[in-house]
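Have a look at this one before I ask anything.
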Amino acid sequence: MKTYDMSLMKTNGLTTFLVFLSIIFIFTLTLIFSFFETIAGFTNQEKIEYINQALTTVAIIIGGLALIINAYYTSRLSFGENQSVLTKLLAGKLAWDNNIVTDIKNTQETLEETVPERFSKAIEQLGNEKIETRFAAIYALERIAKDSHKDHWTIMEILAAFIRENAPINQKDEDELQNSSKLPTDIQTALTVIGRRDSHKDPVNQKLDLRNTDLSNADLTEANLSRAILVGANLQWVNFTRANLSEADLSITYLCGSILYEANLQKAMLPEANLQGVVLRKANLSKAILYDANLEGAILCDAKLEGAILCGANLEGAILCDANLEEVNLEDSNLQDANLIGSNLQNAKLAGANLEAVLLSTANLQDANFQEANLSRANLSGCENLELRQIEQALGDRTTMLPENFKIPKHWK
């Protein structure tokens, strides 16, 4: 009703204005005729022409004003109608948004209410004798960890405890470790859930505890085990491809035959670890601690070992082609028959190391320390940035292949 009254008022105002313009036009017409009638010196034909031009100009001006005013009132009317429609649309949109927010809130409240019940049921099923039931319980716990931020870490600790309880290493000797059977499905599932967790939800300074566990033959591809405690674990034949083991504690672990291709072991702890035959190609071992580790026959091509500590490590027959060993500490280590072709040993510490029959062709030996290192049968031909003073610090004999123009030091046998 109000909209109709407003439209009527606008229409009446427009009609009044048009009548007013008509009166002005007639008044102006009368003035023009009177004006030209009083002017002398013009013929009747010239007066008629001037009067027509004046009338045309006045008509154009008044007509333009009429159009402008009409457009103004029309736009005001349309705006009022559009505003009414827009108001209705906005009101509907706000109501829809409020409904969505309400639904989300209700869903969250429902989830929070059901989490304790789901949690208790999953824990109960985790101890079931049937492996299928345990399998389902592990995935149920993963869903709860995703739904409930406060229960995330508790669930990860429960799964880690489940693995420790059901896959203990039992102090097996080396022969028994080599004959370990396939990893049970429920243990693999628990490891998969832990490895793909949202680590951003992990509490600060909390670490996954998987020490002394038997995880042989596990598939941990791209698993996130950063800062995990794996001390004394059996990790032979484990697939760690592109896994994150940065700052993990792998002390005294058994990793024989494992694949760590492109794995992140930055700052990892691996003292006394057994890494025989391990594939570490393109792995990141920068600043890792590997003193007294066994890397016999390990493949470390293109690996990053800058700043790593390998004092007393066994690298006999290891392949380190094109590896970055800048500032690595290899003091008293065994590199007999190792392949270091094209590697970067700039500022490396090799004092007292056994480099017998090692291949160092095209390697960068700038400022490497060979103090009392054994270079017997070693091949240094074609190496780069080697100086005579470095050779004089080492121990060698006539079987050592030196770069061209290098003379055998007098104190060598």
Under 3.5 Å, side-chain donor or acceptor atoms of residues 302-312 against the rest of the protein: list the pairs with distances, not counting sequence neighbours.
none

Return the minimal non-hydrogen interatomic distance between M156 and A145, and the atom names on each side. CE-CB, 4.1 Å
Considering all heavy atoms, the nearest D214-L183 contact: O-CD1, 3.6 Å
Residues at least two apart in sequence or cross-chain that pass side chain to side chain contact (heavy atoms under 4.5 Å, CB included) with A136, listed by chain then number, are none
Pairs satisfying ring-ring contact (aromatic ring centres under 6.0 Å, His included), at least one member in residues 391-413, at least two apart: none
Under the side chain to side chain contact (heavy atoms under 4.5 Å, CB included) test, residues paired with M401 that sit two or more places apart: N379, S381
Side-chain donor-acceptor distances from residues 338-345 under 3.5 Å, at least two apart:
residue, atom, partner, partner atom, Å
N339, OD1, I341, N, 3.1
S343, OG, L340, O, 2.6
N344, OD1, Q346, N, 3.1
N344, OD1, N364, ND2, 3.3
N344, ND2, N324, OD1, 3.4

For N128, is there any backbone N or O sitting under 3.5 Å from a side-chain donor or acceptor partner on R134? yes
For D397 versus R377, what's the shortest heavy-atom pair and its separation? OD1-N, 4.2 Å
Pairs in or reaching into residues 154-166: which pass side chain to side chain donor-acceptor pair (under 3.5 Å), with residues at least two apart or in two chains? W153-E157
Do any pairs count as a salt bridge (Lys or Arg N to Asp or Glu O under 4.0 Å) and have a residue in residues 328-342, sequence neighbours left out, and if so which ones? none
Could you walk me through whether I187 and T213 pass the side chain to side chain contact (heavy atoms under 4.5 Å, CB included) test, one step at a time? CA-CA 11 Å; I187 301 300; T213 52; over 6 Å; no
Nearest heavy-atom pair of A122 and A137: which atoms, and what distance? O-CB, 3.4 Å
Report yes if some heavy atom in the side chain of L230 is under 4.5 Å from a heavy atom in the side chain of L215; otherwise report no. yes
Side-chain touch T400/I408, heavy atoms, less than 4.5 angstrom: no
Qualifying residues under side chain to side chain contact (heavy atoms under 4.5 Å, CB included), relative to Q371, sequence neighbours excluded: A351, N369, Q393
Atom of L380, atom of P403 and distance for their closest heavy-atom approach: O-CG, 3.4 Å
With sequence neighbours excluded, what pairs up with D367 under the salt bridge (Lys or Arg N to Asp or Glu O under 4.0 Å) test? R389
For residues L386 and F370, determine if any side-chain heavy atom of one lies less than 4.5 Å from a side-chain heavy atom of the other. yes
Taking all atoms of both residues into account, what is the closest heavy-atom pair of T221 and D219, and its distance? OG1-OD1, 2.6 Å
For P409, does its backbone N or O pair with a side-chain atom of E392 as donor and acceptor, under 3.5 Å? no
Measuring from R242:CZ to E262:CD, what's the distance to the nearest 0.5 Å? 6.0 Å
Salt bridge (Lys or Arg N to Asp or Glu O under 4.0 Å) involving E142 - partner list, sequence neighbours excluded: R196
Would you tell me whether S120 and E124 have side-chain atoms, one donor and one acceptor, within less than 3.5 Å of each other? no
Crowded around K201 NZ? As in, over 12 foreign heavy atoms under 6.0 Å? yes
Heavy-atom side-chain contact between L225 and L191 under 4.5 Å: no
Measuring from atom CG of N234 to atom CD1 of I169, what distance do you get when rounded to the nearest 0.5 angstrom? 5.0 Å
Non-hydrogen side-chain atoms of E387 and L365 separated by less than 4.5 Å: no
Using a strict cut-off of less than 4.0 Å between a Lys/Arg side-chain nitrogen and an Asp/Glu carboxylate oxygen, indicate whether K207 and D249 qualify as a salt bridge. no
Close side-chain approach of S258 and V238, heavy atoms under 4.5 Å: yes
Sequence neighbours excluded - ring-ring contact (aromatic ring centres under 6.0 Å, His included) pairs with any residue from residues 118-140: F135-Y139
Counting N and O atoms only, with roles assigned by atom type, does the side chain of R197 sit under 3.5 Å from a partner on the main chain of N224, one being a donor and the other an acceptor? yes
Counterpart residues, side chain to side chain donor-acceptor pair (under 3.5 Å), relative to E326 (two or more places apart): none
Between atom CG of L355 and atom CG of L335, what is the distance when rounded to the nearest 0.5 Å? 5.5 Å
